[in-house]
J.: 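I have a structure here, written as structure tokens, and I will follow up with some questions on it.
In listed order, ligands and their atoms are each counted from 1. FYI, the numbering just counts along the sequence from 1.
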Amino acid sequence: MELDETLGQVWTPDDIANEMVREAFVLSPNAKKILDPACGPATFSKAINQLNFKEIELICYDVDPRMYNFTSHVNQKLELRGETRNQDYLLDSSLESNFDLVIMNPPYIRHERIQREIKENYHQYLSTKLGASIDKKSNLFALFLLKGILDLAPNGILCAIVFDAVQNSAYGKKTLSILNKYAELISTKTVIAPFKNVLIDAQILLYRKREKQISSVIEHNVSKSNLFIPLEELLKSRRGTALPKRAPFLANIGDKYYSYSSPFFIKQSRLDGLVIKPDQRIYLNNSESERVADYQEWMKERLEKYNISENKKNVNPIKGGIAFNYYIRNAPRHLWNKDNIALSDNFYVSDPKNDFPAEVAWLLLNSDQYLNRFIASARNQGNGLLKLQLYEYKNVLLPNWNLLSPVEIAELSHLSKSLIQSGAQPKKVQEIATNVVKKLMDLQ
Ligand SMILES: C[S@@+](CC[C@H](N)C(=O)[O-])C[C@H]1O[C@@H](n2cnc3c(N)ncnc32)[C@H](O)[C@@H]1O
């Protein structure tokens, strides 16, 4: 179908649409009422259908009669319940607080190209409802984001792919600050030039609507001190200890130089709650063994058997307080490295920045509010397996723990230490952490 540029038509590639829908349903697994306010050629209908969710109701809008016909037809064929409407979404005022999930690729239309009277109507409705003045220079997609949040039920999820003007323009920044009042930003991800023949990068935004709008006082603080910041501003993270090959480095009790081996942690099987216990021993470089010529010779021979050159024998042990397995099967979790042993490269290994207590970081990272953000940024590997690359891990936007008061931090330190000491079960830690974040950071 020919694209009508005056209607801001660009289509989301199927793989990105699938990913967006999957991430949205991870955050809202029981979503029933779903809205696609700018449906185009049924792109998100097809993606939603792939997930095989029953009992959903999908409401679609498009002003282009061709898209309306096409999507009505596809939705019927896919047996998706709901309705497709050939209407201007922004002028339908009957939808407020109605949906569990709003998924969109809104039309990108510059403000000069929107008919004046219609634009006045859009602005009047939105500014009244949101109690905020909306930049008159806003691109149409910004108005879609604002109305999308308005039409969500409390705790509903908005998943939108938008041009990255949202972060680089004055009207975009103002839009994000109004959104922040009504919804909590869960993640943002940059996608490089996703649209065919359009050389513009996009952002995938995931928001959860707040139960109550936050007051302007908090909003002011938030913009000044950043309620959410990328993980890399909170933690120093790196991949764990890399071995050229595992076998020659692993120590067995009968080995001649077993006493030179050090504790190591490879897999998640040996845990005390969320606390790491060594599951292997390994030959690492240390000042003691370096001085023993016989040991060095013995190690050289072991490596030769595996065709590993001698200069690779100096394995640099990576240690740190917090470990994260970047393959996520059931639930992601952050492990506590109690004895500060070397960790394998199955993990990202982290320590907090700015002298923030590591045990408190560990506790907060195990709350739903933090963990959901990791899940939302991870990629699907098939069969229920997710993976987070190191750069993705570092870019996850997290609630900023530097905003906690010294008293709160001291109390949390006490709590975390007792959970660590008692080897509390992951579920318990997660529950306690989630309540703490809810109470202290006012986040659901
Ligand atoms: C960027 S396209 C996205 C289409 C599809 N959701 C996708 O991602 O592939 C936006 C769609 O919104 C439609 N549109 C433009 N203005 C609209 C309005 N005021 N109300 C509803 N739909 C509109 C356009 O016709 C277009 O099909």
J.: Checking a contact table here: which protein heavy atom is nearest atom 19 (N) of ligand 1, and how many Å away?
T.: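 Here the nearest protein heavy atom works out to Asp88 OD1, 3.0 Å.
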
J.: Would you say the rings of Phe347 and Tyr326 are close, in the sense that their centroids are separated by under 6.0 Å?
T.: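 No, the ring of Tyr326 stays outside the 6.0 Å limit from the ring of Phe347, centre to centre.
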
J.: Mark the output for Ala42 as yes if a heavy-atom distance to ligand 1 is under 4.0 Å, and as no if none is.
T.: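 False for this residue.
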
J.: Do me a favour and list the nearest non-hydrogen protein atom to atom 23 (C) of ligand 1 with residue, atom name and distance?
T.: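 Nearest neighbour among protein heavy atoms for atom 23 (C) of ligand 1, to 0.1 Å: Val63 CG2, 3.5 Å.
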
J.: For ligand 1, is there an N or O atom under 3.5 Å from any N or O atom of Phe44?
T.: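 Min N/O separation from ligand 1 is not below 3.5 Å for Phe44.
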
J.: Can you list the ligand 1 atoms lying under 4.0 Å from a non-hydrogen atom of Pro106?
T.: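 Listed by number with element: 1 (C).
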
J.: Under 6.0 Å between ring centres: does that hold for Phe374 and His334?
T.: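 Yes: the rings meet the under 6.0 Å criterion.
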
J.: Nearest protein heavy-atom contact for atom 5 (C) of ligand 1: which residue, which atom, what distance?
T.: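 For this ligand atom, the closest protein heavy atom is Cys39 O, 3.1 Å.
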
J.: Check this for me: does any side-chain nitrogen of one of Glu2 and Arg66 sit under 4.0 Å from a carboxylate oxygen of the other?
T.: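 Arg66 and Glu2: not salt-bridged.
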
J.: With a 4.5 Å heavy-atom cut-off, do Leu231 and Leu397 have their side chains touching?
T.: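 Not in contact.
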
J.: May I ask you to list the atoms of ligand 1 that are less than 4.0 angstrom from any heavy atom of Gln87?
T.: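 Checking each atom against Gln87, I get 20 (N), 21 (C).
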
J.: Give the numbers and elements of all ligand 1 atoms closer than 4.0 Å to a heavy atom of Leu7.
T.: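 By the 4.0 Å cutoff, the relevant atoms are 15 (C), 24 (C), 25 (O).
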
J.: Give the contacting part of Phe144 toward ligand 1: side chain, backbone, both or neither, where contact means a heavy-atom distance below 4.0 Å.
T.: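 The answer is the side chain of Phe144.
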
J.: What residue and atom, counting heavy atoms only, is the protein's closest point to atom 10 (C) of ligand 1, and at what distance?
T.: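 Nearest protein contact, heavy atoms only, for atom 10 (C) of ligand 1 is Asn105 O, 3.5 Å.
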
J.: Surrounding CZ of Arg113 (heavy atoms of other residues, nucleotides or ligands, distance under 6.0 Å), is the total greater than 12?
T.: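 No - once you tally the heavy atoms of other residues, nucleotides and ligands closer than 6.0 Å, there are 12 at most.
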
J.: Is Lys438 paired with Asp442 through a side-chain N to carboxylate O contact shorter than 4.0 Å?
T.: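 Looking at Asp442 and Lys438, the cut-off is not met.
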
J.: Closer than 4.0 Å to some heavy atom of Trp11 - which atoms of ligand 1 meet that?
T.: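 Taking each heavy atom of Trp11 in turn, ligand 1 has 2 (S), 4 (C), 9 (O), 27 (O) under 4.0 Å.
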
J.: Nearest protein heavy atom to atom 25 (O) of ligand 1, by residue and atom, and its distance?
T.: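 The protein heavy atom lying closest is Asp62 OD1, 2.7 Å.
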
J.: Using a plain distance cutoff, I'd like to know if Asp64 has any nitrogen or oxygen under 3.5 Å from a nitrogen or oxygen of ligand 1.
T.: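 It does not: no N or O of Asp64 is found under 3.5 Å from an N or O of ligand 1.
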
J.: Backbone, side chain, both or neither: what part of Met104 comes under 4.0 angstrom of ligand 1, heavy atoms only?
T.: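 Near ligand 1, Met104 shows nothing, with every heavy atom at 4.0 Å or more.
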
J.: Step through it carefully: locate the ring centre of Tyr61, locate the ring centre of Tyr68, and say whether they are under 6.0 Å apart.
T.: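 Ring centroids of Tyr61 and Tyr68 are no less than 6.0 Å from each other.
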
J.: Determine, for Glu184 against Lys209, whether the closest basic-nitrogen to carboxylate-oxygen distance falls under 4.0 angstrom.
T.: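 Answer for the salt bridge query: no.
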
J.: For atom 8 (O) of ligand 1, which protein heavy atom lies nearest, and how many Å away is it?
T.: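 Going atom by atom, the protein heavy atom closest to atom 8 (O) of ligand 1 ends up being Thr12 OG1, 2.5 Å.
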
J.: Do Phe195 and Trp11 have ring centres separated by under 6.0 Å?
T.: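 No - the distance between ring centres of Phe195 and Trp11 does not fall below the 6.0 Å cut-off.
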
J.: Decide whether an N or O pair under 3.5 Å exists between Pro41 and ligand 1.
T.: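 Min N/O separation from ligand 1 is not below 3.5 Å for Pro41.
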
J.: Students should be able to answer this: which protein heavy-atom is nearest to atom 7 (C) of ligand 1, and at what distance?
T.: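 Its nearest protein heavy-atom neighbour is Thr43 OG1, 3.2 Å.
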
J.: Among protein heavy atoms, which sits nearest to atom 21 (C) of ligand 1, and what does the distance come to when rounded to 0.1 Å?
T.: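 Going atom by atom, the protein heavy atom closest to atom 21 (C) of ligand 1 ends up being Pro37 O, 3.4 Å.
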
J.: Would you mind reporting whether Ile204 and Met20 have side-chain heavy atoms less than 4.5 Å apart?
T.: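 In contact.
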
J.: Should the heavy atoms of other residues, nucleotides or ligands under 6.0 Å from CD of Glu233 be counted, would the total exceed 12?
T.: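 Yes - once you tally the heavy atoms of other residues, nucleotides and ligands closer than 6.0 Å, there are more than 12.
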
